[in-house]
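Take a look at the structure set out below.
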Amino acid sequence: MSPSPPYHGPAVRRAVPLLALGALVASSLALAAPPAQAAETLLSQGRPATASSQEGDGYAPSAAVDGNLTDTRWASRWSDPQWFQVDLGQRSDLSRVVLTWEGAYGRSYQIQASDDGTDWRTLKTVTGGDGGTDELAVTGSGRYVRMLGTERSGGYGYSLWEFQVYGSTDGTPPTTGAVEVTGSHGNWQLTVGGQPYTVKGLTWGPAIADAPTYLPDVKSMGVNTIRTWGTDGGTKPLLDSAAANGLKVVNGFWLQPGGGPGSGGCVNYVTDTTYKNTMLTEFTKWVEAYKNHPATLMWNVGNESVLGLQNCYSGAELEAQRNAYTGFVNDVAKKIHSIDPDHPVTSTDAWTGAWPYYQRNAPDLDLYSMNSYGDICGVREDWEQGGYTKPYLITEGGPAGEWEVPDDANGVPDEPTDVQKAEGYTKAWDCVTGHRGVALGATLFHYGTEHDFGGIWFNLLPDGLKRLSYYAVKRAYTETAGNDNTPPVVSALAVTPASSAPAGGEFTVRSDVRDPDGDPITYKIFLSGNYANGDKRLVEASWRSTGNGTFAVRAPEKLGVWKVYLQAEDGRGNAGIETKSVKVVAPPVTGTNVALNKPTTASSFQPSYGDCPCEPAKATDGRADTRWASDWSDPQWIQVDLGSATPVRKLQLVWDPAYAKSYEVHISDNGTAWRTIYSTTTGNGDIDTIDVAATARHVRLHLTARGTGWGYSLHEFGIYG
């Protein structure tokens with residue numbers, strides 16, 4: 001089972017949306033700083049060394065870590081493969097490996113690291129080696145480091161004067177041992193191996209296969225924990241990579257209806273024992289599999305399901321389901337504790353109204369967990385007012401979401417700026433650390449790389465580009481300020497005309513962009529149809545620069561409210577991204593719409609479906625929010641009686657998504673004898689503006705091939721004289 005969604009739509013603390021983030025403060029621009037870097041140290045000298053073989057008593061592995069570069073050496077037997085390894089004593093961050101070869105050198109070999117001396121990760125592969133001194137930069141961590149030789153340079157074995165491993169360590173052993181919630185009411189703490197542990201975390205977004213690529217960066221941010229939503233047979237490589245980087249994992253288990261309001265999958269927790277038994281068996285299997293893994297921090301059962309059940313039930317039944325769900329969570333917690341007494345169990349929701357259910361029905365949970373964004377400080381308020389007796393973890397948090405901000409002039413959520421989002425992460429962490437002894441840390445949302453509508457709103461590095469928010473989290477977790485190269489700052493973004501951009505025409509984007517490091521800036525502009533057609537992708541727009549931070553952007557053909565994104569990149573892996581909405585409308589047509597409110601008839605119309613009835617007259621009422629819709633068959637027609645012979649020079653057809661791929665324009669003097677003045681077989685919907693030159697009383701669209709599986713649907717059938 002792989003229940004974790006590729007992208008999670010977070011929910012709110014309360015069941016109703018809240019207002020936006022607080023006002024922007026000037027200090028927001030003084031963003032992230034790197035952690036203080038420990039000095040590079042020679043870690044291998046004098047440490048225990050072993051090898052696959054040695055040529056004789058005078059060539060022991062210890063001779064390659066004794067600091068003598070000219071008189072002592074390790075030498076292997078004369079065969080492939082061979083290996084040499086050193087035990088650094090504790091997991092360390094690795095930066096360099098220097099191999100000083102004797103005449104018998106490795107032509108092909110790998111530098112590998114391991115936490116346990118059994119499972120190895122390749123940090124560097126060398127082919128075509130030529131002996132002498134190989135100085136290799138590496139990225140990664142481990143307690144054990146080895147050279148795995150796969151091809152010798154000649155007939156002898158492998159021989160090293162010295163094998164030197166450089167890196168850094170904080171001088172303390174890796175955090176291992178049982179994880180516990182300790183202390184008393186209002187003075188709790190999380191401990192690992194008896195040592196205090198504050199969760200400084202991020203939710204994990206990339207593919208598990210990409211964990212070795214991204215987790216070193218995650219760790220560099222001061223992060224010690226990542227959170228997942230699903231745990232299954234594919235989880236081990238992520239746990240392995242996390243452990244290799246000194247990170248812990250909150251292992252999630254997904255239950256329906258996860259993800260809060262709008263999520264699918266309605267289960268009857270009162271009666272569906274099959275589902276509950278199946279999930280309990282599934283979770284038990286993976287607890288058994290990963291309970292002893294060094295990366296496991298705790299188990300998290302369910303995500304936002306108490307809130308999400310309102311999407312499935314109401315009234316007394318909803319109350320019964322919420323009680324049954326939290327009772328089942330308790331059953332899971334008890335089962336996990338019987339298998340794994342060394343790791344806590346929690347459950348996440350996005351509504352503090354869930355906590356009374358947990359308090360009543362799930363006493364075996366060790367702590368609660370909450371997803372909260374713009375109202376994150378309210379979690380403390382609700383905890384204190386509710387008289388709860390368990391601490392909590394924030395399992396998602398960050399800037400205000402689209403459900404929490406006011407709408408803009410186009411009626412869609414007004415997305416915070418990059419600077420406001422960065423401040424949102426800072427505020428979130430301040431709220432967590434401000435509730436000392438109760439809030440045990442946070443896994444903020446979201447270390448993701450998706451470059452789409454949700455990714456721009458929440459990801460710290462969409463498309464791998466680091467945002468101001470990335471550096472805000474890094475500064476919060478490392479508590480340092482330094483010399484990171486930070487992203488361009490976009491301000492005063494404006495779109496003109498914001499509420500009347502002509503479909504297929506141009507609108508203007510203006511902004512002020514400054515790079516704090518003076519880096520040259522390059523631009524990209526994207527469009528998202530999330531609010532227009534539900535497509536959350538970002539599509540690069542057609543645009544041109546008109547100077548002074550001003551751009552002319554081609555509007556989509558599809559009517560509705562679109563998001564336009566200005567992305568400013570500094571060439572250093574950073575980006576500032578700002579977004580505003582733009583309402584795309586039908587291009588203005590000069591002259592008079594002679595069809596307006598004239599008698600309109602059609603071959604058929606839908607009396608009831610969605611927003612219907614959709615009578616023919618709604619295509620000539622001058623309103624963009626009404627439409628005519630036909631039956632779902634071919635052919636169909638719609639016609640207008642202009643009342644008398646009228647000069648006609650232009651038609652404008654504003655299609656709903658149900659458009660015509662093939663159609664003809666007919667005119668008639670008497671409504672009986674028709675002649676064709678236009679035809680097409682390549683219609684693509686959206687807006688069709690057609691030039692004609694005719695005089696007629698009756699104008700008809702003869703529709704012969706639909707562009708979708710639905711019928712034909714027109715918001716407007718405009719006829720201009």
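Starting from 1, each residue takes its place in the sequence as its number.
Put simply, the side chain of Trp229 does not reach to within 4.5 Å of the side chain of Trp204, judged on heavy atoms. The closest side-chain heavy-atom distance from Tyr565 to Leu527 is not below 4.5 Å. Here the side chains of Glu415 and Val405 are not in contact, with every heavy-atom distance at 4.5 Å or above.
To the nearest 0.5 Å, atoms CG (Leu703) and OG (Ser633) are separated by 11.0 Å. For the atom pair CG (Leu653) and CD1 (Ile638), the distance works out to 9.5 Å, reported to the nearest 0.5 Å. One finds the CD atom of Glu450 at 12.0 Å from the CG atom of Leu538 (value rounded to the nearest 0.5 Å). Between Phe526 atom CZ and Trp543 atom CH2 the span is 10.0 Å, to the nearest 0.5 Å. One finds the CG atom of Leu309 at 7.0 Å from the OH atom of Tyr269 (value rounded to the nearest 0.5 Å). In this structure, Phe605 CZ and Lys618 NZ are separated by 9.0 Å, a value rounded to the nearest 0.5 Å.
Residue Ser581 comes nearest to Asp408 through the heavy atom pair OG-OD2, 2.6 Å, listed as atom of the first residue, atom of the second, then distance. Across all non-hydrogen atoms, the minimal contact from Trp710 to Pro657 is CZ3-CB, 4.3 Å. For the residue pair Val584 and Ala503, the shortest heavy atom distance occurs at CG1-CA, 3.5 Å. Ala422 and Ser469 make their closest contact through N-OG, 3.5 Å (heavy atoms, listed as atom of the first residue, atom of the second, distance). Here the closest heavy-atom approach between residue Thr695 and residue Asp669 is recorded as O-OD1, 4.0 Å. In terms of heavy atoms, Ala619 sits closest to Trp628 at CB-CB, 3.9 Å.
A tilted orientation is assigned to the rings of Tyr678 and Tyr663, their planes being inclined by 30° to 60°. Using cut-offs of 30° and 60° on the angle between ring planes, the pair His666 and Trp674 is tilted.
Of the possible polar contacts, none joining the Arg467 side chain to the Tyr470 backbone as a donor-acceptor pair under 3.5 Å is found. When atom types are taken as modelled, the side chain of Gln652 and the backbone of Tyr720 share no donor-acceptor pair closer than 3.5 angstrom. Side-chain atoms of Asp656 do not come within 3.5 Å of backbone N or O of His715 as any donor-acceptor pair. No side-chain donor-acceptor contact under 3.5 Å links Asp349 to the backbone of Ala354. Using modelled atom types, one side-chain atom of Glu404 and one backbone atom of Gly374 make a donor-acceptor pair closer than 3.5 Å. For Glu716 (side chain) and Arg623 (main-chain N/O), a donor-acceptor pair under 3.5 Å exists by modelled atom type. Judged by distance alone, the side chain of Thr348 and the main-chain N or O of Glu304 form no donor-acceptor pair under 3.5 Å. Of the possible polar contacts, one joining the Ser305 side chain to the Leu255 backbone as a donor-acceptor pair under 3.5 Å is found.
A salt bridge does not link Arg572 with Asp570: none of the charged nitrogens is closer than 4.0 Å to a carboxylate oxygen. Residues Asp611 and Arg627 are paired through a salt bridge, judged by an N-O separation under 4.0 Å between the basic side chain and the carboxylate. The pair Lys524-Glu540 fails the salt-bridge criterion, with no side-chain N (NZ, NE, NH1 or NH2) lying under 4.0 Å from an Asp/Glu carboxylate O. A salt bridge does not link Lys598 with Asp641: every distance from a Lys NZ or Arg NE/NH1/NH2 to an Asp or Glu carboxylate oxygen is 4.0 Å or more.
For Ser604 and Gln636, the side-chain atoms include at least one donor-acceptor pair closer than 3.5 Å. In summary, the side chains of Thr417 and Glu578 do not present any donor paired with an acceptor at a separation below 3.5 Å, with no hydrogens or angles considered. Checking Tyr531 against Asn410 by side-chain atom types alone, no donor-acceptor pair falls below 3.5 Å. A donor atom on one side chain and an acceptor atom on the other are found under 3.5 Å apart for Asn574 and Tyr471. When only modelled atom types and interatomic distance are considered, Asn303 and Asn371 share a side-chain donor-acceptor pair under 3.5 Å.
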Walk me through it: do Arg227 and Glu396 pass the test side chain to side chain contact (heavy atoms under 4.5 Å, CB included)? CA-CA 9 Å; Arg227 179 210 173 189; Glu396 291 177 26; 3.1 Å; yes

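More than 12 heavy atoms of other residues, nucleotides or ligands lie within 6.0 Å of NZ in Lys563, so this atom counts as buried by the packing criterion. Summarising the local packing, CZ of Arg537 is surrounded by 12 or fewer heavy atoms from other residues, nucleotides or ligands at distances under 6.0 Å. More than 12 heavy atoms of other residues, nucleotides or ligands lie within 6.0 Å of CG in Asp625, so this atom counts as buried by the packing criterion.
You'll find the ring centres of Tyr609 and Trp632 inside the 6.0 Å limit.
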